[in-house]
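Report on the structure given below.
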Amino acid sequence: MSKYSNIAHYQDFNELLSILSKNGNAYDMEKITSAYRFAERSHGDQRRVSGIPYILHPTSVACIVAELGMDADSICGALLHDVVEDTPVALDEIRRLFGNDVAKLIDGVTKISKIPYSTREEQQAENIRKMLIAMADDIRVIIIKLADRLHNMRTMDCMPEQKRRDKSVENMQVYAPIAHRLGIKTVKEELEDRSLQYLDPIGYKEIEEALLLNEEDRHKFIESIKTQILEKTKDTIPNVYISGRVKSINSIYRKTIMRNQSINDIFDVFAVRVIVDNVSDCYNVLGVVHDIFKPIPNRFKDYISMPKQNMYQSLHTTVLDKKAIPFEVQIRTWEMHYTAEYGIAAHWKYKLGMGPDAKGGDRVNQNIEKVKKMILDQLETEDATDIARNIRNDFGGNDVYVFTPKGDVMSLPRRSTPIDLAYLIHTQVGHRMVGAKVNGRIVPIDHELKNGEICEIITQKEEHPNRAWIDICKTASAKSKIRQWFKREKRDENIVEGKQIVDREFKRQGMTLNDEEMSEFFKTVNMKKQYNTLDDFYAAVGYGGIQLWKIMPRLKEEYQKKYAANIEQITVPQAPVKRKKASSGIVINDTDDVLVKLSNCCNPLPGDEIIGYITRGYGVSIHKRDCTNVPKDLSDCEEPERWISAHWESDAGEAFRSTLQITASNRTGLLADVTIQLSNMHIFIHALNSRELKDSRALITVTIDVAGKDHLRGVISKLSDINGIEEIKRL
Ligand code: MN
């Protein structure tokens, strides 16, 4: 029998009603009922892949949301969550019928569904980032989405194998960590277990069966523990509630199969939970438990005085019974219990369920603010890949526990360094840190903290953080605090540093821009619009908010689009004169502030007889007088007034483009000879083509810059000397 087999795969509206009535809160039943009716009508006779009427899916999702204790709007949102996406109903109609809040929730859920998932880290990170942004706006969106996910996992059996695996991976990498971050343990554990079932069915079964094998023994064992604790507390501590449980299959899996251990080797198969009325009773119960059973050293964790980042609070200890069977005891108050089970969702459950308990409500509100602030802090680090990695680091369930010299237990992600610890203790401790001692000995600053180490942070008043720490420390919060410090304190230095980094990298990539061009270029590529000025951008590179190597390919691409000609100049020998403005060197009606361009049809050169044509909006285009596009008789043509006289300035120092067609007898090295000859003359080549003609001859077309008609004549004569060249024509 599977752990979750008692959960109905599909729940109908009656079940939703019964969950709501058990919750004991006042809901706007009229609104919920009409949302259900509306969803039922909209989905019509749509069916799930399994053939079951579609409406049962949103109804089941609403049941999950209701069980988490969410409010009426969330339940309506869950009921209607697929309506906009899968039926012709528009969001505006929802807004009109159910109000702006419900519409916003549905819009959020729909948007999340449209984020394509990819196992490529960067993309996935982007998804997480978007979800976090959505969450920071209204956390109820994420809760509905998690419920949707969970229900889809409950009904995943009829899906193709590949799809089940894909969704499972996605759950493990994205949704379960988010549920964990929000502290919604029930959803997190079920998502993980159901995903594991598809990802490693054999491993899953192994654990499930091992647990079943001794189900009876386990039950007896837990009962005896319960009795012993209750016996000792009944006279001194009121209202002690005890439940026993087996840990989630996924958590046992991580400890056994992934570490190659037997299920008998691990402590955490059994857990007993003790719930009492207040915090002081928690510590009293702990005393009793340590009295009866033998505590295992280093297994005591006080998450009451040091709550986890997802607001979790409890006392944890692992002890041995008389037969030396280890088990974990968790001790907490009811308030802590709600938070542990429902996490951030407890906010709604608690607020609705506990009525005018202002004190508890405030506390939860504070916690919500704390979680939100943490998320927003992380978003400020600006780099989505980092955020994703950091979430997995911070919440991977692989915490290490270290002690401060005062004996406080601090929990940190695995592989954390003293820097992380310093910033966890206090931002100022981090900023002023100069070194660290572990178990009394000085350690390098990148020391990886291990379970049970006593770590002392050495500080000095005048000190400040080091930029290199950003790469050394592991937690997102430490990284972002260091960046914040540099951002605030060292803007000028950041700009200088950032500019150096950018210049160096651009140079390395053969991208040359002066300051003016740089700020121009920056404007065109400023994709995120996060930085108002070039200095902001430099500063962000300087303090590490942007990692240049990640955006470099994009910048290079933009650069090539914009300055493609300049790139060619790096690889092709340069002409002594640069073609700056095509307009230079031409005089029209004795003015020179007219926009002039040389036409491409005849490429006029200085010395050629020329004429100007006033275009519609593109200035004057210059043609050779004998160009086929120029009317022979200007007094007898359409719009004669558009043709104006033009002549070359006497001393035209500019470069002009000219295309030559070279016919030659084909031989190896012909093209090379032409290129070498041109480069010896310092001629800039825009384009060079050759193709074979039938009679073993070749046709080369080359577009070059020349200084004028005389210069071109010289170039042609030089090229004519090349062995095999028969004819050179100017096109
Ligand atoms: Mn859905």
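These values consider heavy atoms only, across backbone and side chains, with no hydrogens, waters or symmetry-generated copies. On a predicted model such as this, the values are computed, not experimentally measured, just so you know. Each ligand, and each atom within it, is numbered from 1 in the order the structure gives.
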Item to check | R37, CZ: over 12 other non-hydrogen atoms inside 6.0 angstrom | outcome: no

Item to check | cation_pi(R48, Y54) dist<6.0 Å, angle<=45 | outcome: yes

Checklist entry - Would you find a donor on one side and an acceptor on the other, under 3.5 Å apart, between the side chain of N250 and the backbone of D193? => result no

Next on the checklist: Measuring centre to centre across the rings, with the benzene-like ring taken for any Trp, is F221 within less than 6.0 Å of F327?
Outcome noted: yes

Checklist entry - Counting no waters, how many protein N/O/S atoms sit under 2.8 Å from the Mn ion (ligand 1)? => result 4

Next on the checklist: Quick check on the 6.0 Å ring-centre criterion: do Y10 and H151 meet it?
Outcome noted: yes

Checklist entry - Do D82 and H43 have a side chain donor and acceptor closer than 3.5 Å? => result no

